[in-house]
Amino acid sequence: MDIKKLKIKANNGIDDFKLDILKSLNLFDNKKDCLLDFDNRIRNYFNRHKNLTIKIVITKKELFETIFKKKFYNIKRYKREIPKGYPFGASNMEAQAYYDPIICDEQYYQDKNRIENETISELNDLMSHFEELNTKYNFEIKVQE
């Protein structure tokens, strides 16, 4: 039994995860929509390599944190951009005037709880997709805590 380990992160959802798998196995084609052909491409790959098992290790905590940060910091109130006229390479005293702290009021905690719940539901959806890939093909996707 051959084992191939892939270093893939599922930070951008299941579609990008599938595309990363195809890219790492050299099955990706820029001229075609590979998500539509994903099942056929993977099935043909495993038909050619019958004794191959592909191992992917995903850290659940890291995945949760990256999804949460992407969702939370895309809210307009918490989005931080470099202000106009920011003094790059200046001393801390000069750059201190441009500091814009996030205000932790009641709205902040409501938004944080709402985004945490959305992230948990998205994470559960991703886990179900991982289980589907594990059962359908010769993948061994391990989710560590």
- Item | Verdict with reasoning, Lys142 to Glu140, per salt bridge (charged side-chain N to carboxylate O under 4.0 Å, His left out) | CA-CA 6 Å; Lys142 289 185 179 179; Glu140 191 174 312; 3.8 Å; yes

Validation row: [X], [Y] side chains within 4.5 angstrom (heavy atoms):
{"X": "Leu22", "Y": "Ile42", "answer": "yes"}
{"X": "Met127", "Y": "Leu123", "answer": "yes"}
{"X": "Asn44", "Y": "Leu27", "answer": "no"}
{"X": "Tyr108", "Y": "Ile75", "answer": "no"}
{"X": "Ile58", "Y": "Gln144", "answer": "no"}
{"X": "Arg41", "Y": "Phe28", "answer": "no"}
{"X": "Lys79", "Y": "Asn74", "answer": "yes"}

- Any side-chain hydrogen bond (donor to acceptor under 3.5 Å, both in side chains) pairs touching residues 118-130, not counting sequence neighbours? Lys71-Glu122, Arg114-Glu118

In this structure, would [X] and [Y] fall into the same cluster of hydrophobic residues linked by side-chain contacts under 4.5 Å?
{"X": "Leu52", "Y": "Ile56", "answer": "yes"}
{"X": "Val57", "Y": "Leu63", "answer": "no"}
{"X": "Tyr73", "Y": "Tyr109", "answer": "yes"}
{"X": "Leu35", "Y": "Leu6", "answer": "yes"}

For [X] against [Y], the heavy-atom pair lying closest together:
{"X": "Ala95", "Y": "Pro87", "answer": "CA-CG, 4.1 Å"}
{"X": "Leu126", "Y": "Gly13", "answer": "CD2-C, 4.0 Å"}
{"X": "Arg77", "Y": "Asp105", "answer": "NH2-OD2, 2.7 Å"}
{"X": "Tyr45", "Y": "Lys4", "answer": "OH-NZ, 3.8 Å"}

- Task: Report the relative orientation of the aromatic rings in Tyr78 and Phe72; use parallel for angles under 30°, tilted for 30 to 60°, perpendicular for over 60°.
- Result: parallel

- Do the rings of Phe38 and Tyr137 sit parallel, tilted or perpendicular, given the 30° and 60° boundaries? perpendicular

From [X] [atom1] over to [Y] [atom2], what is the distance, rounded to the nearest 0.5 angstrom?
{"X": "Asp111", "Y": "Glu116", "atom1": "CG", "atom2": "CD", "result": "11.5 Å"}
{"X": "Glu132", "Y": "Thr135", "atom1": "CD", "atom2": "OG1", "result": "6.5 Å"}
{"X": "Ile8", "Y": "Lys18", "atom1": "CD1", "atom2": "NZ", "result": "13.0 Å"}
{"X": "Asn134", "Y": "Ile141", "atom1": "CG", "atom2": "CD1", "result": "4.5 Å"}
{"X": "Asp16", "Y": "Ile21", "atom1": "CG", "atom2": "CD1", "result": "11.5 Å"}
{"X": "Ile54", "Y": "His49", "atom1": "CD1", "atom2": "NE2", "result": "8.5 Å"}

Just wondering, more than 12 heavy atoms not from [X] lying within 6.0 Å of its [atom1]?
{"X": "Ile82", "atom1": "CD1", "value": "no"}
{"X": "Asn92", "atom1": "CG", "value": "no"}
{"X": "Gln110", "atom1": "CD", "value": "yes"}

- Message: Tell me if the aromatic rings of Phe139 and Phe130 count as close, with their centers under 6.0 Å from one another.
- Response: no

- Message: Check this for me, if you would: do Asp20 and Lys9 make a salt bridge, where the nitrogen-to-carboxylate-oxygen distance has to be below 4.0 angstrom?
- Response: no

- So, does Glu94 use its side chain to make a donor-acceptor pair with the main chain of Ser91 at under 3.5 Å? yes

